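In what follows, a structure is listed as structure tokens, so that the remarks can point back to it.
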Amino acid sequence: MNAPQPAPSPSASAAAEGDAVIAHKFGGSSVADASRYRHVATVLCERDDPVQVTVVSAMKGVTDALVALADSAAHGEDWHAAHAALHERHRSVARELLGVHADLTVAWIDAQFQELAGILGAIALLGPSGAPAKERVHGMGEVLSARLLADALRGLGQDAIALDAREVLVVGRNELGVAVDWDTSAARLSQWRAEHRQSRIVVTGFVARDAHGVATTLGRNGSDFSGAIFAALFHAAELHIWTDVDGVLSADPRVVPDAVFLPRISYSEACELAYFGAKVVHPQTMAPAIARNLPILIRNSFNPSHPGTRIDAQGDAHSAALAKGLSLVSGLALLNVEGSGMIGVPGTAERVFATLRDAQVSVVMISQGSSEHSICCVVRASQAEAGKAALERAFRQELAQGQIQSVNLETGISVLAAVGDGMAGRPGVAARFLATLARAHVNLRAIAQGASERNISVAIASSDETKALRAAHAGFWLSPQTISIGVIGPGKVGAALLDQLVENAPRLLAESNLDLRLRAIASSRRMWLGEHPPAWREHWSQAEAIDLDAFTAHVHAAHLPHAIIIDCSANPEVAERYADWLSAGIHVITPNKQAGSGPIERYRKIRAAARAGNARFRYEATVGAGLPVIQTLRDLITTGDELHSIEGIFSGTLAWLFNKFDGSQPFSALVREAHALGYTEPDPRDDLSGTDVARKLERSSRGSGSV
Ligand code: ADP
Ligand code: ASP
Ligand code: MG
């Protein structure tokens with residue numbers, strides 16, 4: 001999947017440098033404004049690299065702006081204002097960075113933007129045939145950036161020079177993407193180096209030239225690849241890729257805030273993570289490094305004293321971790337070729353992939369059931385229609401004759417991959433991965449495990465992706481299990497529970513890795529929706545009108561893997577919702593006796609939903625107050641005991657009342673007292689009429705499985 005590019009031959013290197021070369025790459029996230037350029041220049045100056053090669057990206061956001069400019073021009077829209085804004089941004093960074101020495105650089109920037117305006121004008125005229133010129137526009141941010149950094153280094157008294165990669169780097173394209181012409185590039189670099197002997201060289205990332213001399217790029221995020229290419233061409237001893245995080249983490253920290261730092265990973269692990277979308281490094285970066293056994297260090301330019309992640313051939317050979325990282329690719333689609341006529345027919349899979357290859361549709365993931373009844377491939381959404389059409393053409397005859405029933409296309413798909421060398425040969429990794437996803441109620445559309453066993457990937461609906469990533473992360477690492485909680489009925493029991501929840505959440509997080517997030521409170525008339533308030537009563541006083549659908553949606557947020565609704569009301573309308581909640585994967589916990597008793601149909605629906613879904617229904621507190629009656633009864637029956645009769649005092653309230661009543665005060669006063677002490681149901685008539693006793697009996701007999 002990630003076949004390395006042909007290795008640069010040992011002769012295909014720049015004229016041997018006398019001194020050790022250390023290569024660096026700074027991404028756009030490290031160079032956003034003048035102070036960041038200054039900081040990068042300082043980091044570089046403080047190092048004693050004998051020869052220092054620094055590949056730099058465009059300033060943060062600049063490539064996006066250039067892509068938008070070229071698109072506007074191609075669509076005949078007015079691009080002048082955006083061009084002027086980008087021009088001004090560069091001028092002002094140059095002035096702030098270089099102070100009194102800025103004039104020459106600013107004049108050069110002005111010339112670059114004049115040239116850019118000329119190209120944009122040409123793109124507007126050429127329309128679709130202006131595509132090659134667009135590439136030239138896309139790469140201008142790097143040209144500007146390299147000059148700014150080189151001038152900043154010179155401003156600090158350093159012997160620095162900028163190298164426009166297009167002067168030396170020649171690339172072609174093949175099925176795997178960009179292919180470097182190592183011999184030509186190396187020859188050109190040695191020629192350039194013979195004329196430029198500076199010890200600090202700042203190289204433009206992202207840009208290159210094709211065999212015809214036309215300016216091109218290495219694809220979005222391609223400066224990491226440039227870093228590895230120039231590290232190889234310069235025979236560097238190390239490549240430091242500087243970005244805005246401490247190194248490679250177990251998942252994208254923007255999605256999984258508690259992702260853990262990985263001190264060492266292998267080239268293969270980095271390849272897999274990058275291929276499956278970990279933006280921290282571009283997928284093609286590894287190949288030149290593997291070919292030369294060049295260690296790559298991913299480091300944080302905002303925290304330069306941190307050692308970062310080391311990527312090399314060994315990785316972390318002693319790691320006990322089952323999976324090292326999780327990554328996610330969005331914007332995919334599922335193509336499914338299905339038909340009983342495929343069973344046992346050799347070569348069908350091959351035809352499917354040949355067809356897709358001929359239609360230039362790249363396949364991200366493949367899965368075929370061993371029954372051979374269907375072949376399923378995940379492709380980029382932008383290529384999916386073309387892929388479907390190509391397959392329908394290729395299998396026209398089989399479709400007409402019914403050997404193949406259909407070629408289905410489904411969009412809105414993402415692939416989640418678990419990656420790690422430690423997965424090879426260890427049973428149970430897939431089980432853990434899949435079980436965690438099942439518990440989070442994520443439906444798996446297809447599953448694939450690479451033969452290397454370094455990766456297990458699942459195709460899922462994109463709407464589930466955040467939830468799936470977080471749940472899987474919590475399943476593999478000791479990151480907290482996050483549970484979204486909604487409480488209904490903040491009466492006596494509910495309020496006490498809410499107090500306990502808020503008070504104990506920090507301790508549970510620290511001691512049990514359980515992140516309980518109180519996110520919603522509702523009564524029969526009002527509700528509050530939010531995110532774990534430190535003092536829930538204040539928020540409750542500003543509650544809005546009740547809308548149980550909105551309440552449910554908020555508790556069941558897509559980004560949180562688990563949701564629980566705790567119903568402390570005595571409201572039959574809420575009990576009506578249990579079955580739907582359970583079916584949707586929301587766990588229900590309740591001391592509300594309505595569901596356990598009440599119409600048998602409702603009860604059966606609830607039980608069926610609890611059995612079918614992945615959600616649990618917990619109602620222990622409906623009988624025996626806090627005592628574990630129901631579970632004990634169930635355990636006894638499950639392990640072979642038989643239920644002959646149930647005996648007990650079924651109403652604590654009535655027992656208390658009869659014990660107290662001696663005629664010295666009216667019965668009604670005692671009832672009032674019991675109510676005030678919290679011994680009665682919210683409506684004491686439920687106790688006095690025997691309804692509560694009846695409900696408990698009903699609950700116990702249903703709980704014992706006898707109804
Ligand atoms: P640069 O501009 O330096 O190339 P990028 O934005 O391209 O930076 O890549 C760095 C970002 O990659 C981080 O800010 C982080 O949000 C994201 N990222 C995604 N997956 C991971 C991961 N597994 N480990 C670390 N960062 C990751
Ligand atoms: N500037 C380019 C981009 O934004 C390349 C890079 O930053 O790696 O895609
Ligand atoms: Mg990047």
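For clarity, every value in this text was computed on a predicted model and none was experimentally measured. One-based numbering, in listed order, for ligands and for the atoms of each. All values below come from the heavy atoms of this structure, side chains included, with hydrogens, waters and symmetry mates left out.
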For the 3.5 Å polar cut-off, considering only N or O atoms, please tell me whether [X] and ligand 1 meet it.
{"X": "P253", "answer": "no"}
{"X": "S30", "answer": "no"}
{"X": "S250", "answer": "no"}

What residue and atom, counting heavy atoms only, is the protein's closest point to [atom], and at what distance?
{"atom": "atom 1 (P) of ligand 1", "answer": "S29 OG, 3.4 Å"}
{"atom": "atom 7 (O) of ligand 2", "answer": "S57 OG, 3.2 Å"}
{"atom": "atom 23 (N) of ligand 1", "answer": "L249 O, 3.0 Å"}
{"atom": "atom 6 (O) of ligand 1", "answer": "K279 NZ, 3.1 Å"}
{"atom": "atom 4 (O) of ligand 2", "answer": "R220 NH2, 2.9 Å"}
{"atom": "atom 4 (O) of ligand 1", "answer": "K25 NZ, 3.2 Å"}
{"atom": "atom 12 (O) of ligand 1", "answer": "V280 N, 3.5 Å"}

Please verify the inter-ring angle class for W192 with H196; under 30° counts as parallel, over 60° as perpendicular, anything in between as tilted.
parallel
If the plane angle is over 60° it's perpendicular, under 30° parallel, otherwise tilted; pick one for F113 and H83.
perpendicular
Donor-acceptor pair, side chain of [X] and main chain of [Y], under 3.5 angstrom:
{"X": "T204", "Y": "A165", "answer": "yes"}
{"X": "Q284", "Y": "V178", "answer": "yes"}
{"X": "S72", "Y": "D78", "answer": "no"}
{"X": "S250", "Y": "V260", "answer": "yes"}

For ligand 2, find out whether one of its N or O atoms is nearer than 3.5 Å to an N or O atom of N221.
yes
What are the atoms of ligand 1, with element, lying closer than 4.0 Å to any heavy atom of A278?
20 (N)
G28: numbered ligand 1 atoms lying under 4.0 Å from its heavy atoms:
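So the atoms of ligand 1 that pass are 2 (O).
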E269 and side chain to side chain contact (heavy atoms under 4.5 Å, CB included): which partner among D421, N455, L262?
D421
Identify the two heavy atoms, one from I366 and one from A448, that lie closest to each other, and give their separation to 0.1 Å.
O-CB, 3.3 Å
Candidate with minimal heavy-atom separation from atom 19 (C) of ligand 1, of D252, D244, N221, V281:
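Among D252, D244, N221, V281, the closest heavy atom to atom 19 (C) of ligand 1 belongs to D252.
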Counting neighbours of CZ on R380 that are heavy atoms of other residues, nucleotides or ligands and sit closer than 6.0 Å, is the number greater than 12?
no
Measure the spacing between OH of Y275 and CE of M286 and express it to the nearest 0.5 Å.
14.5 Å
To the closest 0.5 Å, what do you measure between CG (D252) and NE2 (H473)?
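It comes to 10.5 Å.
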What do you reckon, does G247 put a non-hydrogen atom under 4.0 Å from ligand 1?
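Yes, G247 has heavy atoms under 4.0 Å from ligand 1.
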Is it true that V245 lies under 4.0 Å from ligand 1, counting heavy atoms only?
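Distance cut 4.0 Å: V245 passes for ligand 1.
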At under 4.0 Å between heavy atoms, what of S223 touches ligand 2? The answer is both
For ligand 2, does H282 get within less than 4.0 Å through its side chain, its backbone, both, or neither, judged by non-hydrogen atoms?
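The answer is neither.
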Metal proximity, S223 vs the Mg ion (ligand 3), N/O/S cut-off 2.8 Å
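Short answer: no, not a single N, O or S atom is under the cut-off.
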